[in-house]
Amino acid sequence: MGRLFVITLEGNIYSCKYCKTHFGLADHIMSKSFQCRHGKAYLFDKVVNVTLGEKEERMMLTGMHTVVDIFCVGCGSIVGWKYEAAQEKDQKYKEGRFILERFKILGPDGSNYSILQDAQLGGSDTDEP
């Protein structure tokens, strides 16, 4: 494996909760209303400092999608997934976009997100891997 180059972002940054590697900017969030196994998840237009896993077909609440898990380049933790393809026409907007699980990232102010917060707020009926 070659030398690891990590991109440093400036602004309102979302980062890995384990190693603080930068992933994305608040400006690149398309939606905060997604769900995953651990609670809330955010849909990003673009992210940095992740590696991609293997493609797989995954049934989600909104239908069948081809996805790849995404991993932090700093510590190797799985932090979400990337939509490669969507079967349903109304889901095509997700293709090429990224989900970061809120439970696994730090917010711009360094805040952590707990599963208990989501349980108290209730959930939505969007995607779940």
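What's counted below: heavy atoms across the whole structure, side chains too, no hydrogens, waters or symmetry copies. The model shown is predicted, which means the values in this text are computed figures rather than measured ones.
With no hydrogens or angles considered, no side-chain donor-acceptor pair links Ser33 and Lys40 at under 3.5 Å.
Looking at heavy atoms from C-beta onward, Val68 lies in side-chain contact with Glu84 at the 4.5 angstrom threshold. Looking only at side-chain heavy atoms (C-beta outward), Tyr18 and Cys72 stay at 4.5 Å or farther from each other. Residues Phe103 and Cys36 have side chains not in contact (no heavy-atom distance under 4.5 Å, counting atoms from C-beta outward). By the 4.5 Å heavy-atom criterion applied to side chains, Ile70 and Phe98 are counted as neighbours. A heavy-atom distance below 4.5 Å is found between the side chains of Leu25 and Ile13.
Partners of Glu88 under the side-chain hydrogen bond (donor to acceptor under 3.5 Å, both in side chains) rule, at least two apart in sequence or in another chain, do not exist in this structure. With sequence neighbours excluded, no residue forms a side-chain hydrogen bond (donor to acceptor under 3.5 Å, both in side chains) with Asp27. Residues satisfying the side-chain hydrogen bond (donor to acceptor under 3.5 Å, both in side chains) criterion with Lys32, sequence neighbours excluded, are absent altogether. Under the side-chain hydrogen bond (donor to acceptor under 3.5 Å, both in side chains) criterion, Thr51 pairs with no residue at all, not counting sequence neighbours. For Lys17, the salt bridge (charged side-chain N to carboxylate O under 4.0 Å, His left out) test picks out no residue, with sequence neighbours left out. Residues that satisfy the salt bridge (charged side-chain N to carboxylate O under 4.0 Å, His left out) test with Glu95, not counting sequence neighbours, are Lys92.
Residues Leu43 and Ile105 do not share a hydrophobic cluster, defined by chaining ILVMFWY side chains whose heavy atoms lie under 4.5 Å apart. Residues Phe44 and Leu9 do not share a hydrophobic cluster, defined by chaining ILVMFWY side chains whose heavy atoms lie under 4.5 Å apart. A continuous path of Ile, Leu, Val, Met, Phe, Trp and Tyr side chains, each step under 4.5 Å between heavy atoms, connects Leu52 with Leu100, placing both in one hydrophobic cluster. Cluster membership check: Tyr14 shares its hydrophobic cluster with Val79, using side-chain heavy-atom separations under 4.5 Å among Ile, Leu, Val, Met, Phe, Trp and Tyr. By the criterion of side-chain heavy atoms lying less than 4.5 angstrom apart, applied directly or through intervening Ile, Leu, Val, Met, Phe, Trp or Tyr residues, Val67 is grouped together with Tyr93 in one hydrophobic cluster.
One finds the NZ atom of Lys104 at 8.0 Å from the OG atom of Ser77 (value rounded to the nearest 0.5 Å).
Between Trp81 and Tyr83, the two ring planes are perpendicular [angle over 60°; tilted spans 30° to 60°].
Tested against Thr66 for a side-chain hydrogen bond (donor to acceptor under 3.5 Å, both in side chains), the candidates Glu57, Gln87, Lys82, Glu56 yield a single pass: Glu57.
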### Query
Given Ile99 and Phe34, is the side-chain contact (heavy atoms from CB on, under 4.5 Å) satisfied, shown in steps?
CA-CA 8 Å; Ile99 288 288; Phe34 282 72; 3.7 Å; yes
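Between the side chain of Asn49 and the main chain of Ile7, a donor-acceptor pair closer than 3.5 Å is present.
Ion pairing between a basic and an acidic side chain is recognised when a charged N comes within 4.0 Å of a carboxylate O; Arg58 and Asp69 show such pairing.
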